[in-house]
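Read through the structure below, which is laid out as structure tokens, and then see the notes.
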Amino acid sequence: GRPIFAKADKADGTPVPMGSELLDSSGKAVGSVGQGGMAFIRGITGSGTLTARWGTHASDQCAMPYTVPAEDPKPKKHRPAVRIQLRCEE
């Protein structure tokens, strides 16, 4: 899939902690969170839900619905990164 940059926030609007793992619905790691909640993600398309996990307790994770915009059907040499917003559900 295309490279995706995402701003990942908790439900209260604070950034998801740096170092958090982002997992797809099958539990596969697809990205990680850096400073200020900025995440780099690969391997997701369409829409679904990611899980952000930053610890070992049940309270150290949350579900984040996402939608990746459709790709331009014209092939390009350079596929620009997509930017999306992720927010934990309450």
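Heads up: numbering here begins at 1 and tracks the sequence.
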Evaluate the criterion side chain to side chain contact (heavy atoms under 4.5 Å, CB included) for residue pair Met64 and Val16; output intermediate values, then yes/no.
CA-CA 11 Å; Met64 308 178 108; Val16 168; 3.8 Å; yes

Between Arg53 and Leu23, is the side chain to side chain contact (heavy atoms under 4.5 Å, CB included) condition met? List the steps.
CA-CA 8 Å; Arg53 185 180 301 150; Leu23 310 168; 3.3 Å; yes

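Follow the hydrophobic side-chain contacts under 4.5 Å out from Met38 and you never reach Ile44; the two are in separate clusters. Both Ile84 and Leu50 belong to a common hydrophobic cluster when Ile, Leu, Val, Met, Phe, Trp and Tyr are linked at side-chain heavy-atom distances under 4.5 angstrom. In terms of hydrophobic clustering, with Ile, Leu, Val, Met, Phe, Trp and Tyr side chains grouped at heavy-atom distances under 4.5 Å, Val68 and Leu22 are assigned to a common cluster.
Separating the CD1 atom in Ile4 from the OH atom in Tyr66 is a distance of 8.0 Å, to the nearest 0.5 Å.
Summarising the geometry of Asp12 relative to Arg87, their closest heavy-atom pair is C-NH2, 3.7 Å, with the distance given to 0.1 Å.
Side-chain contact between Gln85 and Asp9 is present, with heavy atoms from C-beta onward closer than 4.5 Å. Between Glu21 and Ser32, every side-chain heavy-atom pair lies at or beyond the 4.5 Å cut-off. For the pair Cys62/Trp54, a side-chain contact is recorded, criterion being any heavy-atom separation below 4.5 Å from C-beta on. Contact check for Pro69 versus Val82: side-chain heavy atoms found under the 4.5 Å cut-off. Between Met18 and Val33, the closest side-chain pair of non-hydrogen atoms is not below 4.5 Å. Proximity of Glu89 to Pro65: side-chain heavy atoms (C-beta onward) are separated by under 4.5 Å at one or more points.
Looking only at distances, a side-chain donor or acceptor of Lys7 sits under 3.5 Å from a matching main-chain atom of Gly36.
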